[in-house]
A.B. asks: 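Please find one structure pasted underneath; my questions will follow.
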Amino acid sequence: MQLEHFKNLTEALMSLPAVGKKSARNIALNMVTNDRSGALRLSHAIEQAVANVRICTRCGNLSEHELCAVCADDRRDRAKLCVVLSAKDIFTIEESGFYKGLYFVYASEESFAPLEKMAQDGISEVIFAFAPSVQNDALIYFIEERLLPYGLNFSKIAQGVPTGVSLENVDMLSLARALEGRVKI
Ligand SMILES: [Zn+2]
């Protein structure tokens, strides 16, 4: 059976998380038969998103400009810096509506230099919004030690966020409470 393009589409779909061979084939079949216009819309959306979405040069948040919407917003509290492990956690915290400060995405050890730069720019409190775990606590300690010379206050979310659970799976009310009831470290 030829169907080279159909096979390519199936394989591309299989590279998505949690999509196996059968589902990939079903989705691909639906795309090329029943939902051709939906499939083209999806393809266009993917192309546009990949071409236009990038990482904020300041904080690591998703952005469609050099600076993200949070960094560019003068109404944000520029004395507070919430450090997260992934840009997706920013969506979760923003949806809780409680936090009005700035963010920083600590994606890898290479994130330290830009974090250090941001921490020296009028920040007085650094809030670690990491899901509680031994590994994350060690990372908090590591970052805090290295930021010590800048005389900042450090806190971390605690209450209401269960150990080992990803932030995106924490309900909004718990997350808002965890931010409000953050503990000084
Ligand atoms: Zn930003």
Side-chain angles (χ1 to χ4, degrees), residues 16-17 44-133 135-161 165-185:
L16 295 172
H44 184 67
I46 293 172
E47 232 175 277
Q48 290 298 311
V50 173
N52 292 296
V53 180
R54 46 185 166 154
I55 300 294
C56 171
T57 52
R58 194 157 186 253
C59 76
N61 190 8
L62 292 183
S63 179
E64 298 195 5
H65 305 278
E66 197 180 324
L67 288 181
C68 72
V70 176
C71 284
D73 185 349
D74 288 339
R75 292 161 301 177
R76 305 290 301 208
D77 179 353
R78 288 172 183 274
K80 286 193 176 68
L81 184 63
C82 179
V83 185
V84 293
L85 291 174
S86 161
K88 70 184 176 188
D89 295 336
I90 297 178
F91 285 99
T92 314
I93 297 172
E94 284 296 287
E95 279 162 12
S96 82
F98 175 77
Y99 180 70
K100 297 292 172 221
L102 301 177
Y103 292 99
F104 186 84
V105 181
Y106 197 91
S108 70
E109 244 183 80
E110 281 160 35
S111 306
F112 186 77
L115 172 62
E116 190 176 30
K117 193 171 163 225
M118 209 168 164
Q120 292 174 77
D121 195 15
I123 300 291
S124 66
E125 182 184 5
V126 175
I127 303 153
F128 294 97
F130 297 177
S133 75
Q135 204 186 354
N136 287 346
D137 278 351
L139 182 58
I140 289 174
Y141 182 74
F142 170 80
I143 297 172
E144 196 190 334
E145 282 286 289
R146 293 178 71 180
L147 290 178
L148 228 46
Y150 306 111
L152 306 161
N153 291 310
F154 297 98
S155 58
K156 63 175 182 177
I157 57 166
Q159 269 180 324
V161 177
V165 168
S166 166
L167 276 196
E168 63 186 327
N169 297 321
V170 176
D171 69 87
M172 291 309 152
L173 192 62
S174 301
L175 187 61
R177 280 194 191 130
L179 273 163
E180 195 174 29
R182 60 187 182 270
V183 289
K184 235 178 131 81
I185 48 175

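One-based numbering, in listed order, for ligands and for the atoms of each.
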A.B. asks: Check for a donor-acceptor pair, side chain of Asp89 on one end and backbone N or O of Val84 on the other, with a separation under 3.5 Å.
C.D. replies: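 Checking the backbone N and O of Val84 against the side chain of Asp89, no donor-acceptor pair under 3.5 Å is found.
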A.B. asks: Determine which pairs satisfy side chain to side chain donor-acceptor pair (under 3.5 Å) with at least one residue from residues 44-62, sequence neighbours left out, and list them in order.
C.D. replies: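 Listed once each, the pairs are Gln48-Asn52, Arg58-Asp121.
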A.B. asks: Angle class for the Phe112/Tyr106 ring planes (parallel below 30°, perpendicular above 60°, tilted otherwise)?
C.D. replies: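 Aromatic pair Phe112/Tyr106 classed perpendicular.
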A.B. asks: For the Zn ion (ligand 1), report each protein N, O or S atom nearer than 2.8 Å, sorted by chain and then by residue number.
C.D. replies: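 Protein N, O or S atoms closer than 2.8 Å to the Zn ion (ligand 1): Cys56 SG, Cys59 SG, Cys68 SG, Cys71 SG.
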A.B. asks: Apply the side chain to side chain contact (heavy atoms under 4.5 Å, CB included) test between Lys156 and each candidate in Asp137, Val126, Ile127; give the one that qualifies.
C.D. replies: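 Answer to the side chain to side chain contact (heavy atoms under 4.5 Å, CB included) test with Lys156 among Asp137, Val126, Ile127: Asp137.
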A.B. asks: I want to check something: taking the side chain as every heavy atom from C-beta on, are Asn136 and Leu85 in contact at a cut-off of under 4.5 Å?
C.D. replies: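 Yes, their side chains come closer than 4.5 Å.
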A.B. asks: With distance as the sole test, does Tyr99 use its side chain to make a donor-acceptor pair with the main-chain N or O of Cys82 at under 3.5 Å?
C.D. replies: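 The answer is yes, because a donor-acceptor pair under 3.5 Å joins these two groups.
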